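First up is the structure itself, then whatever we jot down about it.
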2 protein chains.
Amino acid sequence: MSKPSNIEVTNTEPESVDTGKNMKLILARAKDQRNFCPVRDVIHRISDKWSLLSILALGTYGTLRFNALKKEIGDVSQRMLTVTLRNLEEDGFVSRKIYAEVPPRVEYQLTEMGEGLMQQALRLADWANTQLPGIISSRENFKKN
Amino acid sequence: MSKPSNIEVTNTEPESVDTGKNMKLILARAKDQRNFCPVRDVIHRISDKWSLLSILALGTYGTLRFNALKKEIGDVSQRMLTVTLRNLEEDGFVSRKIYAEVPPRVEYQLTEMGEGLMQQALRLADWANTQLPGIISSRENFKKN
DNA sequence: CAGTATCCCTACCGATACTG
DNA sequence: CAGTATCGGTAGGGATACTG
């Protein structure tokens with residue numbers, strides 16, 4: 001649990017699925033790390049209601065103050081934006097700079113790791129978009145049965 | 001909402017982040033689709049507690065019966081495995097074949113789309129693993145302040 | 001401006017018991 | 001074997017009010 005000494009998951013070939021014994025290793029590790037799995041961890045972080053939108057907004061504008069970000073996202077509550085940003089900051093995806101002024105000014109921006117996360121999200125978005133028609137028709141088909 | 005006529009997100013270059021006006025389009029669409037966004041949809045599907053593990057198990061073994069899958073995952077409740085599999089089936093990631101026998105036999109396996117989803121997950125896993133040290137140290141640093 | 005603090009509501013999830 | 005049905009606990013999230 002200390003350090004991930006050897007990474008079994010190294011899908012450099014996006015077209016092919018790892019098969020056979022390698023998959024068993026991956027599965028075994030996934031089960032092992034049930035309570036501390038980096039994948040689930042990252043997914044959990046971006047799967048809440050506002051993280052992705054916050055990351056996308058920061059990626060778009062570079063730097064945003066709290067209320068500018070809030071206005072940009074639109075319908076997020078003040079509380080939830082604070083919680084979201086603190087979590088992202090804690091994990092190192094977002095940096096937070098406080099300027100000692102009155103009234104206070106706080107600026108948020110993506111860290112390098114945060115930009116990496118956004119790229120992962122965009123990738124997933126790309127794939128999801130291509131799959132969308134299939135998902136929708138599958139759902140409609142499911143309803144009928 | 002009917003069909004995604006033009007896909008703006010086409011990150012074929014994994015090394016670079018889309019910048020400028022393209023990002024604004026992406027952000028605008030993400031906000032627009034707040035209540036029906038394919039990305040959030042897919043993320044939401046795989047972000048629950050058991051979907052990823054189920055997909056990984058099915059990807060590993062190819063075909064599994066309900067109780068075999070349950071045993072493989074280990075600590076999932078019967079109810080939650082049923083719910084998880086139904087959701088995955090509804091979206092077209094998992095197929096479910098019922099054999100008219102007594103006692104009943106039901107076999108689950110990944111669809112083609114499900115294998116695609118697993119590949120996306122493995123990709124994300126790969127990235128997450130490389131980022132893990134950074135995330136951990138960021139968290140520890142955060143605690144101190 | 002950029003937050004906390006409080007309350008409350010809902011969705012997810014687990015345990016247990018029952019069934020075709 | 002492969003599920004439902006029911007209940008109850010917990011975490012995510014929103015509304016509102018207050019503050020350095």
Side-chain angles (χ1 to χ4, degrees), chain A residues 31 34-37 40-55 57-58 61 63-91 94-109 142 145, chain B residues 31 34-35 37 40-54 57-58 61 63-91 94-109 142 145:
Chain A
K31 291 201 298 174
R34 186 150 312 135
N35 295 315
F36 187 72
C37 172
R40 303 181 82 165
D41 230 51
V42 169
I43 289 178
H44 187 255
R45 171 66 38 251
I46 63 176
S47 72
D48 61 35
K49 202 170 176 183
W50 303 111
S51 289
L52 260 186
L53 223 41
S54 302
I55 287 170
L58 289 174
Y61 291 97
T63 300
L64 284 174
R65 298 179 62 168
F66 184 86
N67 276 328
L69 183 52
K70 184 173 184 310
K71 194 176 173 186
E72 184 58 39
I73 294 180
D75 54 356
V76 63
S77 67
Q78 200 167 20
R79 180 181 121 78
M80 285 320 296
L81 184 56
T82 302
V83 170
T84 301
L85 289 171
R86 285 299 183 287
N87 287 334
L88 290 173
E89 188 197 357
E90 176 170 7
D91 282 8
V94 160
S95 74
R96 176 167 173 262
K97 269 180 226 157
I98 309 167
Y99 296 85
E101 301 172 5
V102 189
R105 179 161 58 106
V106 179
E107 288 184 349
Y108 292 91
Q109 61 179 35
F142 187 83
N145 307 339
Chain B
K31 291 201 299 173
R34 184 150 315 134
N35 296 315
C37 173
R40 303 180 84 167
D41 230 52
V42 168
I43 289 178
H44 188 254
R45 171 66 39 251
I46 64 176
S47 72
D48 62 33
K49 201 169 177 184
W50 303 111
S51 289
L52 259 185
L53 224 39
S54 302
L58 289 174
Y61 291 97
T63 300
L64 284 174
R65 299 178 61 168
F66 184 86
N67 276 328
L69 183 51
K70 183 173 185 311
K71 194 175 172 186
E72 184 56 39
I73 293 179
D75 54 357
V76 64
S77 70
Q78 200 167 19
R79 180 180 124 76
M80 286 319 296
L81 185 56
T82 302
V83 171
T84 301
L85 289 171
R86 285 298 182 287
N87 287 335
L88 290 173
E89 188 197 357
E90 177 171 6
D91 283 8
V94 160
S95 74
R96 176 166 172 262
K97 269 180 226 156
I98 308 168
Y99 296 85
E101 303 173 3
V102 189
R105 181 160 57 106
V106 179
E107 287 184 350
Y108 292 91
Q109 60 178 35
F142 187 83
N145 307 340

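Note on naming: letters A, B, ... go to the chains in the order of the sequence lines (proteins, then strands), and numbering restarts at 1 for each one. For the numbers below, each heavy atom of this structure counts, side chains included, while hydrogens, waters and symmetry mates do not. Predicted model only: the values in this text are computed from it and were never measured.
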OP1 or OP2 of C/dG14 sitting under 4.0 Å from any side-chain N/O of B/Trp50? yes
Compare every heavy atom of B/Tyr108 with every heavy atom of B/Val94, then report the nearest pair and how far apart it is. CG1-CD2, 3.8 Å
Please give, in whole Å, the distance from D/dG20 C1' to A/Phe66 CZ? 15 Å
Pair A/Glu90-A/Asn87, side chain to side chain contact (heavy atoms under 4.5 Å, CB included): steps then yes or no: CA-CA 5 Å; A/Glu90 176 170 7; A/Asn87 287 334; 4.3 Å; yes
Provide the closest heavy-atom pair for A/Arg86 versus B/Phe142 in the form atom of the first, atom of the second, distance. O-CZ, 4.1 Å
Give, for atom CH2 of B/Trp50 and atom CG of B/Asp75, the distance between the pair rounded to the nearest 0.5 Å. 4.0 Å
May I have the distance from A/Lys71 (atom NZ) to C/dA2 (atom C1'), rounded to whole angstrom? 16 Å
When you check every protein heavy atom under 4.0 Å of nucleotides 4-11 of chain D, what one-letter string (B, S, -) results, 5' to 3'? B-B-----
Using whole Å, report how far CE of B/Met80 lies from P of D/dG3. 14 Å
C/dG3 phosphate, OP1 or OP2, under 4.0 Å from A/Lys70 side-chain N/O: no
Whichever of A/Pro104 and B/Asn67 has its nearest DNA chain D nucleotide further upstream toward 5': B/Asn67
Go through the steps for A/Asn67 and A/Lys70 under the test side chain to side chain contact (heavy atoms under 4.5 Å, CB included), then give the verdict. CA-CA 5 Å; A/Asn67 276 328; A/Lys70 184 173 184 310; 4.0 Å; yes
Under 4.0 Å between a side-chain N/O of A/Tyr108 and OP1 or OP2 of C/dG3, yes or no? yes
Partners passing side-chain hydrogen bond (donor to acceptor under 3.5 Å, both in side chains) against B/Asp48 (at least two apart in sequence or in another chain): B/Ser51
Specify the separation, in whole Å, of atom CG of B/Leu81 and atom C1' of D/dC1. 13 Å
Kindly point out which of D/dA2, C/dG14, C/dA2 is positioned nearest to the side chain of A/Arg65? C/dA2
For atom CD1 of A/Ile98 and atom C1' of D/dG20, their distance in whole Å: 13 Å
Distance-minimising heavy-atom pair for A/Thr84 and A/Ser54: CG2-OG, 3.9 Å
List the atom of B/Ile46, the atom of B/Leu52, and the distance in Å for their closest heavy-atom pair. O-CG, 3.9 Å
Shortest non-hydrogen contact from B/Leu58 to B/Leu64? CD2-CB, 3.9 Å
Heavy-atom closest pair (A/Ile73 atom, A/Leu53 atom, distance to 0.1 Å) is CG2-CD2, 4.1 Å
How many Å lie between NZ on A/Lys97 and C1' on C/dC1, as a whole number? 18 Å
Return the value, rounded to whole Å, for the distance between atom CD1 of A/Ile73 and atom C1' of D/dG14. 15 Å
Those stems involving DNA chain D that have three or more consecutive Watson-Crick or G-U pairs, both distances under 3.5 Å, are C:1-20 with D:1-20
Return the nearest nucleotide to the side chain of A/Pro103; candidates are D/dA2, C/dC1, C/dC13. C/dC1
Closest to the B/Lys49 side chain: C/dG14, D/dG13, D/dA2? C/dG14
What integer distance in Å separates A/Leu64:CG from C/dA2:P? 11 Å
